[in-house]
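Quick note on labels: first sequence line is chain A, next is B, and so on, each numbered from 1. Please read all numbers here as calculations on a predicted model, not as lab measurements.
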Amino acid sequence: MRLATWNVNSLPVRLPQVLDWIDRKAPDILCLQETKVPDGRFPSAPFRDLGYEILFRGQPAYNGVAILSRRPLSDPLRDFPGESDPECRLLGATAGSLRILNLYVPNGQDLETPKYRYKLAWLARIASLVEEEKARYPGLALLGDFNIVPEDKDAHDPVALAGQIFLSAPERQALSRITGLGLHDAFRLLHPEPGHYSWWDYRQGMFRRNMGLRIDLILLSSSLEKTLLSAEIDREPRKNERPSDHAPVFVDLADS
DNA sequence: ATGGCTGTCAAAGACAGA
């Protein structure tokens with residue numbers, strides 16, 4: 001079973017690339033972020049034609065998340081329980097014994113801004129949600145754009161970026177709170193070395209020079225971690241014309 | 001170097017991203 005996540009930075013713009021990637025990699029479940037498309041304009045047909053069930057929640061211009069699945073989805077979660085976040089950043093669904101949470105963590109802009117405080121508050125709500133979800137669903141996977149650099153080796157220049165947005169201690173503590181609930185960074189379990197990134201700035205030839213950040217993560221509960229076969233960041237779509245600034249990340253799990 | 005790209009909305013340039 002192949003689980004994937006990709007921040008596409010506009011699904012309308014990237015649709016041909018997403019369809020091409022599905023054709024090449026055949027994910028069973030694909031979580032998308034930054035679809036930037038309101039629900040009434042979501043391009044459902046091409047995905048349904050490929051045999052995917054779709055769950056999506058979008059808004060004009062910003063944010064937006066979607067889950068595509070070749071297996072039937074149930075128990076959809078479209079927002080935090082009992083409240084309404086005006087920003088479309090969270091989707092959950094169940095596929096068999098697998099529970100999926102698709103996250104688009106707020107960027108946070110800069111420390112000492114309201115957006116940073118929103119990011120930390122959002123992450124605290126996620127930690128509570130994950131606690132509840134994990135109690136209900138042992139086979140839990142969090143996939144998405146976390147907008148946090150977990151460790152210094154996940155950044156091309158951790159010295160220059162030290163203490164700044166994405167690397168600040170409160171952000172890393174928020175991520176640690178989630179991983180401390182028993183969720184494991186799948187890519188890191190198999191690839192401990194530095195130099196692996198999932199995002200590269202469009203400017204200054206950052207991709208060509210492999211100066212990026214690893215901020216797109218797949219976190220697996222212990223029962224899923226035991227079935228982990230492989231984890232990859234696919235750099236190929238970043239070489240396309242008009243690419244997303246993020247690469248897709250995927251894991252293969254043994255059917256258990 | 002409060003820069004540089006890219007996308008949205010809307011029809012220029014502000015806002016946001018990371």
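- Checking the phosphate oxygens (OP1, OP2) of B/dT6, no side-chain nitrogen or oxygen of A/Ser10 falls inside 4.0 Å.
- For A/Arg242 and B/dC5, the shortest distance from a side-chain N or O to OP1 or OP2 is not below 4.0 Å.
- A/Arg89 comes within 4.0 angstrom of sugar-phosphate atoms only, judged by non-hydrogen atoms across all strands, and of no base.
- The separation between A/Ile165 atom CD1 and B/dA16 atom P is 14 Å, rounded to whole Å.
- In this entry the distance linking CZ of A/Arg209 with C1' of B/dC5 reads 13 Å, nearest Å.
- For A/Asn240 and B/dT6, the CG to C1' distance is 15 Å, given to the nearest whole Å.
- Residues A/Asn9 and A/Asp245 each lie close to DNA chain B; by heavy-atom proximity, the contact nearer the 5' end of the strand is made by A/Asn9.
- When the P atom of B/dT6 is taken as reference, atom CD of A/Gln17 falls 12 Å away, rounded to whole Å.
- Distance CG (A/Asn63) to P (B/dA16): 11 Å, rounded to an integer number of Å.
- For the 3.5 Å distance criterion, the side chains of A/Ser128 and A/Glu131 fail to qualify, holding no donor opposite an acceptor.
- Among the atoms of the strands shown, only primed sugar atoms or phosphate atoms (P, OP1, OP2) are found under 4.0 Å from some heavy atom of A/Tyr104.
- Taking atom P on both B/dC9 and B/dG3, the two are 24 Å apart, rounded to the nearest angstrom.
- No hydrogens or angles considered: a donor-acceptor pair under 3.5 Å links the side chains of A/Tyr202 and A/Asn9.
- The nearest whole Å value for the distance from the CZ atom in A/Arg203 to the P atom in B/dG3 is 7 Å.
- Contact check, A/Arg14 against B/dG7: a side-chain N or O comes under 4.0 Å of OP1 or OP2.
- In this structure, A/Asp201 reaches neither bases nor backbone, as no heavy-atom distance under 4.0 Å exists between it and the strands shown.
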- Tell me, with the steps shown, if A/Trp6 and A/Phe250 meet ring-ring contact (aromatic ring centres under 6.0 Å, His included). CA-CA 9 Å; A/Trp6 194 3; A/Phe250 64 93; over 10 Å; no
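- The residue among A/Pro12 and A/Asn7 whose nearest nucleotide of DNA chain B is located toward the 5' end is A/Pro12.
- Within 6.0 Å of atom CZ in A/Arg209, more than 12 heavy atoms from other residues, nucleotides or ligands are found, so the atom counts as buried in its surroundings.
- A/Phe42 and A/Phe47 have tilted rings, their planes meeting at an angle from 30° to 60° on a 0 to 90° scale.
- Taking atom C1' in both B/dT2 and B/dT8, the straight-line distance is 22 Å, to the nearest Å.
- Minimum atom distance to the side chain of A/Ala61 is reached by B/dT8, of the listed B/dT8, B/dG4, B/dC5.
- Across the C1' atoms, B/dA11 and B/dC15 are found 16 Å apart, a figure rounded to whole Å.
- Nucleotides B/dA14 and B/dG4 have their P atoms positioned 12 Å apart, rounded to a whole Å.
- Side-chain contact annotation: A/Asn102 with A/Arg89, donor-acceptor N/O pair under 3.5 Å absent.
- Taking atom P in both B/dG7 and B/dA1, one finds a spacing of 29 Å when rounded to whole Å.
- Between the P atom of B/dC15 and the CD atom of A/Gln59 lies a distance of 17 Å, rounded to the nearest Å.
- B/dA16 atom C1' lies 13 Å from atom CH2 of A/Trp199, rounded to whole Å.
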